[in-house]
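Read the structure below first, then the notes.
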Amino acid sequence: MTPELEQVLGCSVHEAAPALIGWTLLFDGVGGVIVETEAYAQDDPASHAFPGPTSRNGTMFGPAGRLYVYRSYGIHWCANVVCGPEGFGSGVLLRALEPTHGLEEMRRRRGAVDERLLCSGPGRLTQALGITGEHDGLSLEDPPLALLAPAGPVEVETGTRIGITKAGEMPWRYLLSGSPFVSRPLPRA
DNA sequence: TGCCCGATTAACT
DNA sequence: GTTAATCGGGCAA
C-alpha cells in the first residue's frame, strides 16, 4: 500500500472515514470524488462486523485497503473500504460520489438521470460503477480499482448516519462541505 | 428448517 | 409521506 493510503486507512475507522472524503474512486476508469462516507467500527451494533466474522463479512476482517461488498435489502449492492489493523473488522461505507469519470457509462447503467443522482446513495454508487458481490475482497490499489488522493485541502462536515436502526444517533457520517452530490443534505443547523 | 429483518431505492398517494 | 420489491444472514425451534 502506498504510504499516502496507509496513513489514511491504517488508523481508526473514525479517522479513516472523514479522511477518505475528497479522494477519487475509480472502477474500470469510471467513478468520481468521494463526497459522503460513514464509519462502521467492530464494536458498533450497527456494523456487520459486530457479531463477529461470518461468510458474508469476512472481508471486513482482512487487511485494510480492500473492498467489502454486500447485498442490501436483497436488491442493492453496497461498497465499503476496509480499514484499521488486519482482523479488526471495521470499514467505511461509501455513500456518494461526485461523478467525474465515465459519465456516459454511468448513465448507461443507471438510465437517463440527473448527474447529481448518478452516485448519490450507496446502492446507486455501486450500480453506476458496475460494482457487485463478485468484486468483494478486491484491493483498492489494483486494477480495475483505483483510489487517488485529493489535490488540495478538503473541508469535511459531520452528521448522523442514515437508514440504520441501531446506534443511529452516533455522528459517524461525513460529507464534503457544501457538495450537492450527497445522498441527503445535512439537517438544518 | 423456517421466520424475520435490514448500512435502500423508486414509484406510488 | 408511504410502501413494495427481494434475498441472504442470524437466530429460534
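Worth knowing before you read on, the calculation uses all heavy atoms, side chains too, and leaves out hydrogens, waters and symmetry mates. In the text below, chain A, chain B and the rest are named by the order of the sequence lines, each starting its count at 1.
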Atom pairs and distances, donor-acceptor, side-chain atoms in residues 33-42 of chain A, under 3.5 Å, two or more places apart:
from    : atom 1 : to       : atom 2 : distance (Å)
A/Glu36 : OE1    : A/Ser183 : N      : 2.6
A/Glu36 : OE1    : A/Ser183 : OG     : 3.1
A/Glu36 : OE2    : A/Arg95  : NE     : 3.0
A/Glu36 : OE2    : A/Arg173 : NE     : 2.7
A/Glu36 : OE2    : A/Arg173 : NH2    : 2.7
A/Glu36 : OE2    : A/Ser183 : OG     : 2.9
A/Thr37 : OG1    : A/Ala17  : O      : 2.9
A/Glu38 : OE1    : A/Tyr40  : OH     : 2.7
A/Glu38 : OE2    : A/Ile162 : N      : 3.0

Is it true that A/Arg107 and A/Asp114 have a side-chain N and a carboxylate O under 4.0 angstrom from each other?
no
Got more than 12 heavy atoms from elsewhere within 6.0 Å of CZ, A/Arg184?
no
Mind checking if A/Arg161 touches a base, just sugar-phosphate, or nothing, with heavy atoms under 4.0 Å?
nothing
Report yes if some heavy atom in the side chain of A/His135 is under 4.5 Å from a heavy atom in the side chain of A/Tyr68; otherwise report no.
no
Below 4.0 Å: OP1/OP2 of B/dA7 and any side-chain N or O of A/Arg71
no
Using the side-chain heavy atoms of A/Arg124, tell me which of these nucleotides is nearest: B/dA7, C/dG10, B/dA10.
B/dA10
Identified side-chain contact (heavy atoms from CB on, under 4.5 Å) counterpart of A/Ile21 within the set A/Leu175, A/Val154, A/Val92:
A/Val154
Regarding A/Glu105 and A/Arg109, does a basic nitrogen lie under 4.0 Å from an acidic carboxylate oxygen?
yes
Compare the minimum distances between each of B/dA10, C/dT6, B/dT9 and the side chain of A/Ile75, then state the nucleotide with the smallest one.
C/dT6
Taking any heavy-atom pair under 4.0 Å as a contact, classify A/Arg173: base, sugar-phosphate, or nothing.
nothing
When you measure from the side-chain N and O atoms of A/Arg56 to the phosphate of C/dC7, is any distance below 4.0 Å, counting only OP1 and OP2?
no
Which string of ( ) [ ] | and . matches DNA chain C, if you list each base 5' to 3' and count Watson-Crick or G-U pairs only when both distances are under 3.5 Å?
|||||.||||||.
Is any N or O donor-acceptor pair between the side chain of A/Tyr73 and the base of C/dA5 shorter than 3.5 Å?
no
On a whole-Å scale, what distance lies between the C1' atoms belonging to B/dA10 and C/dG8?
22 Å
P atom, B/dC5 versus C/dA13: distance in rounded Å?
14 Å
Using the P atom as the point on both nucleotides, what is the distance between C/dA5 and B/dT13, in whole Å?
14 Å
Between the side chains of A/Gln127 and A/Arg110, does any donor sit under 3.5 Å from an acceptor?
yes
Any side-chain N or O of A/Thr165 below 4.0 angstrom from OP1/OP2 of B/dG6?
yes
